[in-house]
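Written below as structure tokens is the structure these notes are about.
Numbers here simply count residues along the sequence, with the first being 1. Start at 1 and go down the list; that is how both ligands and their atoms are numbered. Basis for what follows: all heavy atoms, side chains included, without hydrogens, waters or symmetry-related copies.
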Amino acid sequence: MSDRRRKKISIAVDGPAGSGKSTVARRIAVELGLLYIDTGAMYRGITLKALRQGISLHNEAALARLAKETSLEFREMPDGSHHLFMDGEDVSEEIRSMPVNDGVSLVAAVKEVRAALVEKQQNLGARGGVVMDGRDIGTVVLPQAEWKFFLTASPQERARRRWRELKAKGLDVSLAEIEANIANRDEIDSTRKVNPLRPAADALFLDTTEMSIEEVVDWIKKKVGEDKTNVL
Ligand code: CDP
């Protein structure tokens, strides 16, 4: 079979908030010519819609309905970045706000919400050629991915990274607020019954506390590049 007809590889990148996974996954996708899919953005989109509609984040039936009926689409912008469009509206900025940060893990713990979004994610990844980041990509969404990475860092470092990111965007948040949010999400994400945050048995684990983004990107590229059977 010629290389052109072989399915392109998929890469799963999982880890907690602030582990660097989104930045790293985006960079890897650009450098390897794969499509980047940010699954967290999808959970954030549903959370935003629920908040806007005044739906309680404890109302599981209403959240499940929202997840099923909402259109979520990633579109490429002229600068090459991908924005999330929810029911046709660009919500990329708003899904990063503190109210969404505070509510998203509750929404993501709902079984039917996960079922609806995992199905959308699997459709996006069905043809291969993706770098997908999240919490359950290696374990549930793309268990067949050729490469699985699990990134982490100390809670203090993860909070500092996220705080710097939000400050750079002009958001007025304190480091203590971010630390509390990250600790709370870590707890809910790793203890929930459905698809909790955990490394797949065959994932490569990397502690990025002392590493720069470049170093992490290079480490992953080296791993992927070492295997000559990969189709990029
Ligand atoms: O970027 P950050 O790590 O802060 O979060 P994210 O990747 O945008 O994900 C936001 C939240 O969505 C997480 O805290 C999880 O509660 C949930 N999530 C999930 O449950 N499963 C995924 N595959 C992705 C995100």
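Protein heavy atom nearest atom 25 (C) of ligand 1, with residue, atom name and distance: Gly40 CA, 3.5 Å. Nearest to atom 10 (C) of ligand 1 among the protein's heavy atoms is Arg185 NH1, 3.5 Å. Atom 12 (O) of ligand 1 has Val104 CG2, 3.6 Å as its closest protein atom, hydrogens excluded (heavy atom only). Scanning the protein heavy atoms around atom 8 (O) of ligand 1, the nearest turns out to be Arg44 NE, 2.7 Å.
Annotation: Thr39 places an N or O atom under 3.5 Å from an N or O atom of ligand 1; distance criterion only. Residue-to-ligand polar distances place Ser105 within reach of ligand 1: an N/O pair is separated by less than 3.5 Å. When only interatomic distances are considered, the shortest N/O to N/O separation between Asp189 and ligand 1 falls below 3.5 Å. At under 3.5 Å, a nitrogen or oxygen of Arg162, whether backbone or side chain, sits near a nitrogen or oxygen of ligand 1.
Dense packing is recorded around CG of Asn123, with more than 12 heavy atoms of other residues, nucleotides or ligands lying under 6.0 Å away.
Heavy-atom contacts of Gly134 reach the following atoms of ligand 1: 22 (C), 23 (N), 24 (C) (cutoff under 4.0 Å). Close approach to Ala108 involves these atoms of ligand 1, each under 4.0 Å from a residue heavy atom: 16 (O), 17 (C), 20 (O).
A donor and an acceptor atom, one from each side chain of Asp189 and Ser105, are located under 3.5 Å apart. Arg75 and Ser81 form no side-chain donor-acceptor contact under 3.5 Å, judged by distance and modelled atom types alone. Using modelled atom types and a 3.5 Å distance limit, the side chains of Tyr36 and Arg27 yield no donor-acceptor pair. Checking Asn101 against Arg44 by side-chain atom types alone, a donor-acceptor pair falls below 3.5 Å.
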Review point. Can Ile28 and Lys221 be said to form a side chain to side chain contact (heavy atoms under 4.5 Å, CB included), step by step?
Key: CA-CA 7 Å; Ile28 294 285; Lys221 271 174 48 190; 3.9 Å; yes
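Val173 and Val100 are assigned to two separate hydrophobic clusters, defined by single-linkage of ILVMFWY side chains at heavy-atom distances under 4.5 Å.
Contact annotation: for Arg96 versus ligand 1, heavy atoms closer than 4.0 Å belong to the side chain alone. When non-hydrogen atoms are compared, ligand 1 lies under 4.0 Å from the side chain of Lys21 (C-beta onward) but not from its backbone.
Among Arg135, Arg158, Arg114, Glu165, the residue whose heavy atom lies closest to atom 20 (O) of ligand 1 is Arg114.
To the nearest 0.5 angstrom, Glu157 atom CD is 6.5 Å from Thr209 atom OG1.
No heavy atom of Met42 sits closer than 4.0 Å to any atom of ligand 1.
Panel note: side chain Asp14, backbone Asp136; a donor-acceptor pair is recorded below 3.5 Å.
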